[in-house]
Colleague: 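Next up is a structure, given as structure tokens.
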Amino acid sequence: MSAPIPRLRFAPSPTGYLHVGGARTALFNWLYARKFGGQFLLRIEDTDRARSTEESTRAIFEGLEWLGLAWDEDVVYQGASFERHRADAQRLLDNGTAYRCFCTQAELAERRAEAEARNESFKYDRRCDRLSTDEVARRVADGMPFTIRFRIPEGTTSWIDLVHDEIEFPNKDIEDFIVLRTDGTPIYNLAVVSDDIAMRITLVMRGDDHISNTPKQIMLYRALGAELPTFAHLPMIHGLDGKKLSKRHGATAVSDYQHLGILPSAMVNFLALLGWSPGNDIEVMTQAQMIELFDTAGLQKKAAIFDPKKLEWMNGQHMSLIPSDELVARIVPAMEAAGLATAAELEARREWFVALLDLLKVRARTIDDVVRQAGPYFRGPIDYDPDAVAKQWKDRAGTAEILAAARDVLAQLASWEPAAMEQALRALAERMGFGDKAGRVFQPLRVALTGLAASPGIFDVLLLLGRSRALARIDDALGYLRAGTGSAAS
RNA sequence: GGCGGUAUCGUCUAGGGGACUAGGACACAGCCCUCUCAAGGCUGGAACACGGGUUCGAAUCCCGUUACCGCUACCA
């Protein structure tokens, strides 16, 4: 028999947003499916009606789409399969692997409390399993509510986990768990197994917080006469303090990073390296490379700590990797949101904008960084950064002299190109007695042009600004310096 | 408490008995480059949790201890 096509699924419950941990689980499932020619399915586990919301479901879709993790086939909603879940519970009852339990929640809670008081661990004592057939029939006839409990068989349950190798549980430590509630709705473990069987899932890859559910699920597969899938339990993601990642740690939703100006390709790359390694020193990868290199042998057993600093570095790497021309689409919305320019304006001078991105992205780690730096190239009036003024315009009269001279030199340039600018400005520095310290001209000029102490190379700035705007900025600076007051120019 | 899982630089990790003076990356520090800031290059500090075995030889295998995490619901 040839190897079947792998079928994997990501099965989040829609009770919030798409968490980075969930996103990484989805990513590994997706990578495996893509790598081995399988299917990646999406199942929304919405059986907890009280906590599930449509909004969360939408957030999951949007998060996965943004990351570029496309799923195959239609989305499966667990809540739509109540009938099958109920039927499967009935089958367990019929084939004798489960029994009716008439104990009420209140009774159970009381017994649990008593056991706790005696410092003992509570485990259901199977009393309802000892009821006679007649007694059970009588109670059912009386309309007494009951749950359906799975009877844990003797022995041990083990499996070969793709990341942990063999894991074994003595069955005696597992209690007869409920599979169907009094109201006829299924409990998680039954719903999952029933759905995974129905979806013909061959590899269950999920968080390792499910390890202790696995023996129960394996027993259900067997009781239902279904073939077992392979299991792979991925480590968790923790916050910088080593605790499970939560809202306390700041951004935990995939959408948070989207809004922070992180590129999806960087997010995916970073997440992939949290709990997986290609086995060599490769770090920055495209999605195609990740698929190429993915292998469960590289999966980590240990929980990883989410380090936002490395994510930012990774984002910088991806910004360099992606041609500016392709970056435009991702940056334009942020430019609009910042009120710097409209999409139409940017489209009208796309070439210029791409050239600007080339210069800005190298000194930015996020899209937001780019937007922050872009201000001077769009706004009419610029603000002078106080620190920049304090440092580079300390001597107002002297600075004005330098800027005036620089203005003259630039205004007389035959052509507005970097080589000419450099030659002229360096010659000016020489004439003014600065020797080869041309920075004494460049620095004050940079502040006049951008208002900032840091920017791309001065000739690039001059070029991007254009002759008339550059000269106007110098004039404004001269006005500011000579007036001795004021804070802004145009 | 019970059961399960995990344990290499601050962080992500390579390593699967000798190639380890434990490699790479982020972060940090210094230097180089340089008109500033980045980027880039170079250099540096920084780790095998502890204790027993097994072995000629353990980061690597086994056992125990410790620490951390997870599960322990008519939640998922």
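We name chains A, B, ... by the order of the sequence lines, and we start the count at 1 in each one.
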Colleague: According to a strict under-4.0 Å criterion, is A:Arg365 in side-chain N/O contact with OP1 or OP2 of B:rA27?
Modeller: yes
Colleague: Taking atom C1' in both B:rG2 and B:rU54, what distance in whole Å separates the two?
Modeller: 32 Å
Colleague: Closer than 3.5 angstrom, by distance alone: can the side chain of A:Lys216 be matched with the main-chain N or O of A:Ile174 as a donor-acceptor pair?
Modeller: no
Colleague: Is the distance between the ring centroids of A:Tyr124 and A:Phe177 under 6.0 Å?
Modeller: no
Colleague: Using heavy atoms to find the nearest nucleotide of RNA chain B for A:His164 and A:Asp307 separately, return the residue whose nucleotide is more 5′.
Modeller: A:His164
Colleague: Confirm from the modelled atom types if A:Thr182 and B:rC74 form a donor-acceptor pair under 3.5 Å, side chain to base only.
Modeller: yes
Colleague: Taking only N and O in the side chain of A:Arg51, is any of them less than 4.0 Å away from OP1 or OP2 of B:rA76?
Modeller: no
Colleague: Partner lookup for B:rU66, please. Criteria are Watson-Crick or G-U wobble with both distances under 3.5 angstrom; report none if nothing qualifies.
Modeller: B:rA7
Colleague: Quick one about A:Asp358 and A:Ser324 (side-chain donor to acceptor, distance below 3.5 Å, no hydrogens or angles considered), yes or no?
Modeller: yes
Colleague: Once you round it to whole Å, what is the distance between P of B:rU13 and CD of A:Gln300?
Modeller: 5 Å
Colleague: Partner lookup for B:rA22, please. Criteria are Watson-Crick or G-U wobble with both distances under 3.5 angstrom; report none if nothing qualifies.
Modeller: none
Colleague: Please give the distance between the C1' atoms of B:rG52 and B:rG16 as a whole number of Å.
Modeller: 23 Å
Colleague: What distance, rounded to whole Å, do you find between the two C1' atoms, one in B:rU66 and one in B:rG51?
Modeller: 10 Å
Colleague: When rounded to the nearest Å, what value does the distance between P atoms of B:rA39 and B:rU6 take?
Modeller: 38 Å
Colleague: Suppose you measure atom C1' in B:rU43 against the same atom in B:rU60; what distance do you get, rounded to whole Å?
Modeller: 31 Å
Colleague: Taking atom P of B:rA14 as reference, at what distance in whole Å does atom CH2 of A:Trp276 sit?
Modeller: 11 Å
Colleague: Who is the Watson-Crick or G-U wobble partner of B:rG40, with both distances under 3.5 Å?
Modeller: B:rC32
Colleague: Suppose you measure atom P in B:rU21 against the same atom in B:rA59; what distance do you get, rounded to whole Å?
Modeller: 10 Å
Colleague: Taking atom types as they are modelled, would you say the side chain of A:Lys301 forms a donor-acceptor pair with the base of B:rA7 within the 3.5 Å cutoff?
Modeller: no
Colleague: Could you tell me how far B:rA22 sits from B:rG15 if I compare only their C1' atoms? Round to whole Å.
Modeller: 8 Å
